[in-house]
Peer 1: 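Input: one structure, supplied below.
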Amino acid sequence: MNMAHIAAPLQADIAFQANLYEDSNPTRRGLHLSRREWVETALVLNLPPQGSVIEGGIGCGIFTRFLSSIGARTTAVDINPAFVMGVQDLNGVTPVIADATADLDMGLHDLALCSEVLEHVPPERSAAMLKNLHSALKPGGLLILTTPQRFASVELMARLLKFPPVLAVARRLYGTADELGHINLLTAGQLEVQLRHAGFAIESHTRFGFYLPFIAEFGGQAGWRTLRAIERVIRHMPLLKGLIWTQAYVLRKM
């Protein structure tokens, strides 16, 4: 996989992150669009009219813009000033430069969103971030959460890039390659322990996004359809379901 499209040194580049959803490769584009579609659907289904949202970790602001478009009152929190500046002019959005792993004193909200953020949080701060989001919710409020699975095929491929011969081959094939920059990868079991300790109950849970390098990189649209078909087969199979990239939850504050 051309890992450069989500390489750690470019996490601060808003345009670069936004372009993930327009990647020319059908599989790479599909991996991100599937997650985006799931998150946006979860927001529409679970957010009350004119509801309030706290978004912990906004990145390029793709979901902040969506929340603004549907009339949500959103507190957009990120430790990166560039990300916060990118959403400061959106209707209904209160941008805040803050560390979501530290105490958040920003009122109570109907819903919290944390999409593709936990994997970038130092492991020793992961549980703290979940507890802070729990504290920012009204009683019975919901958290929409997505994060990669620890042993997903994408993540395993990225780890191989630590070895110089593998990195050299990847760069020869794809022109450039890099690691994903994910420092806090959790299995479903590990994540669910943290969620329970934070005070959340699971309303729903799913997995999506399967990647195999040669099918993905050289199979075009047919390759993407093939990987989706494999994903549907292995999604509920022990061990193999751990190869799927994204784990996605709707969680309720207990």
Side-chain angles (χ1 to χ4, degrees), residues 1-7 17-46 59-60 62-63 66 113-119 144-161 166 169-182 185-192 202-251:
M1 182 179 188
N2 186 346
M3 296 300 179
H5 74 296
I6 41 179
Q17 285 198 11
N19 287 339
L20 299 177
Y21 303 98
E22 300 176 1
D23 197 297
S24 60
N25 178 278
T27 295
R28 282 186 255 130
R29 182 175 66 250
L31 289 172
H32 296 288
L33 286 175
S34 295
R35 182 175 60 248
R36 177 178 174 178
E37 179 182 351
W38 184 89
V39 170
E40 291 182 351
T41 299
L43 290 171
V44 168
L45 291 176
N46 293 289
C60 67
I62 194 79
F63 297 123
F66 177 76
L113 172 63
C114 183
S115 180
E116 304 307 284
V117 177
L118 276 186
E119 62 272 21
I144 308 298
L145 173 70
T146 74
T147 191
Q149 295 205 101
R150 182 173 183 179
F151 298 111
S153 54
V154 173
E155 301 295 340
L156 294 175
M157 288 297 301
R159 283 177 230 180
L160 290 176
L161 296 177
V166 177
V169 171
R171 285 177 173 166
R172 186 174 183 86
L173 285 173
Y174 308 130
T176 182
D178 210 333
E179 296 179 57
L180 297 178
H182 295 167
L185 289 167
L186 301 167
T187 65
Q190 291 168 333
L191 176 58
E192 288 172 14
I202 298 173
E203 293 277 295
S204 64
H205 172 216
T206 189
R207 300 174 175 88
F208 47 84
F210 183 57
Y211 175 87
L212 289 175
F214 291 101
I215 295 176
E217 299 301 331
F218 306 113
Q221 195 64 43
W224 169 237
R225 289 195 296 269
T226 299
L227 292 171
R228 291 295 298 273
I230 296 173
E231 174 191 320
R232 287 191 290 271
V233 172
I234 69 173
R235 182 178 291 159
H236 304 291
M237 297 176 67
L239 296 181
L240 290 180
K241 64 186 179 183
L243 294 172
I244 296 174
W245 196 18
T246 300
Q247 50 185 328
Y249 293 83
V250 177
L251 304 147

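Heads up: numbering here begins at 1 and tracks the sequence.
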Peer 1: Could you pull out the closest heavy-atom pair between Leu156 and Phe151, with the gap in Å?
Peer 2: CD1-O, 3.4 Å
Peer 1: Any salt bridge (Lys or Arg N to Asp or Glu O under 4.0 Å) involving residues 235-250? Give me the pairs, sequence neighbours left out, ordered by first then second residue.
Peer 2: Glu231-Arg235
Peer 1: Would you please test Val154 and Met157 for side chain to side chain contact (heavy atoms under 4.5 Å, CB included) and show each step?
Peer 2: CA-CA 5 Å; Val154 173; Met157 288 297 301; 5.9 Å; no
Peer 1: How would you list all residue pairs meeting salt bridge (Lys or Arg N to Asp or Glu O under 4.0 Å) that involve residues 203-214, not counting sequence neighbours?
Peer 2: Glu203-Arg252
Peer 1: Can you list the residues that meet the salt bridge (charged side-chain N to carboxylate O under 4.0 Å, His left out) rule with Glu119, with sequence neighbours excluded?
Peer 2: none
Peer 1: Working to the nearest 0.5 Å, report the span between CG of Leu31 and CZ of Phe210.
Peer 2: 10.5 Å
Peer 1: Do Glu155 side-chain atoms and Ala152 backbone N/O form a donor-acceptor pair below 3.5 Å?
Peer 2: no
Peer 1: Pro26 and Gly220: which non-hydrogen atoms are nearest, and at how many Å?
Peer 2: CG-C, 3.6 Å
Peer 1: Can you tell me how far CD1 of Ile230 sits from CZ of Arg232, rounded to the nearest 0.5 angstrom?
Peer 2: 10.0 Å
Peer 1: Give, for atom CZ of Phe208 and atom OG1 of Thr246, the distance between the pair rounded to the nearest 0.5 Å.
Peer 2: 5.0 Å
Peer 1: Can you measure from CG (Leu227) to OG1 (Thr27) and round to the nearest 0.5 angstrom?
Peer 2: 5.0 Å
Peer 1: Please confirm whether the backbone N or O of Tyr211 pairs with a side-chain atom of Ser153, one donor and one acceptor, at under 3.5 Å?
Peer 2: yes
Peer 1: Restricting to side-chain contact (heavy atoms from CB on, under 4.5 Å), what partner residues turn up for Leu240, sequence neighbours left out?
Peer 2: Ile234, Met237, Leu243
Peer 1: Arg150: which residues meet the salt bridge (charged side-chain N to carboxylate O under 4.0 Å, His left out) condition with it, sequence neighbours left out?
Peer 2: none
Peer 1: Looking at every heavy atom in both Val250 and Ala42, which two are closest together, and how far apart are they?
Peer 2: CG2-CB, 4.5 Å
Peer 1: For Thr41, give me all partners under side-chain contact (heavy atoms from CB on, under 4.5 Å), at least two apart in sequence or on another chain.
Peer 2: Glu37, Leu45
Peer 1: Who are the ring pair (Phe, Tyr, Trp, His ring centres under 6.0 Å) partners of Phe66, not counting sequence neighbours?
Peer 2: none
Peer 1: Please report the interatomic distance CD(Glu22) to NE2(His32), rounded to the nearest 0.5 Å.
Peer 2: 12.0 Å
Peer 1: If you compare all heavy atoms of Leu185 against all heavy atoms of Gln190, which two are closest, and at what distance to 0.1 Å?
Peer 2: O-OE1, 4.1 Å
Peer 1: Could you list the residues that satisfy side-chain contact (heavy atoms from CB on, under 4.5 Å) with Val39, not counting sequence neighbours?
Peer 2: Arg35, Leu43, Phe63, Leu113, Ser115, Thr146
Peer 1: Who passes side chain to side chain donor-acceptor pair (under 3.5 Å) against Arg36, sequence neighbours left out?
Peer 2: Glu40
Peer 1: List the residues meeting side chain to side chain donor-acceptor pair (under 3.5 Å) with Thr206, not counting sequence neighbours, and say none if there are none.
Peer 2: none
Peer 1: Carefully, step by step, assess Thr147 and Leu186 under the rule side chain to side chain contact (heavy atoms under 4.5 Å, CB included).
Peer 2: CA-CA 8 Å; Thr147 191; Leu186 301 167; 5.7 Å; no
Peer 1: Donor-acceptor pair, distance only, cut-off 3.5 Å: does the side chain of Gln149 make one with the backbone of Gln247?
Peer 2: no
Peer 1: Set out, in order, the CA-CA distance, both residues' side-chain angles and the distance that settles side chain to side chain contact (heavy atoms under 4.5 Å, CB included) for Ile144 and Trp38, then state yes or no.
Peer 2: CA-CA 10 Å; Ile144 308 298; Trp38 184 89; 3.6 Å; yes
Peer 1: Which class fits the ring pair Tyr249 and His205: parallel under 30°, tilted 30 to 60°, perpendicular over 60°?
Peer 2: parallel
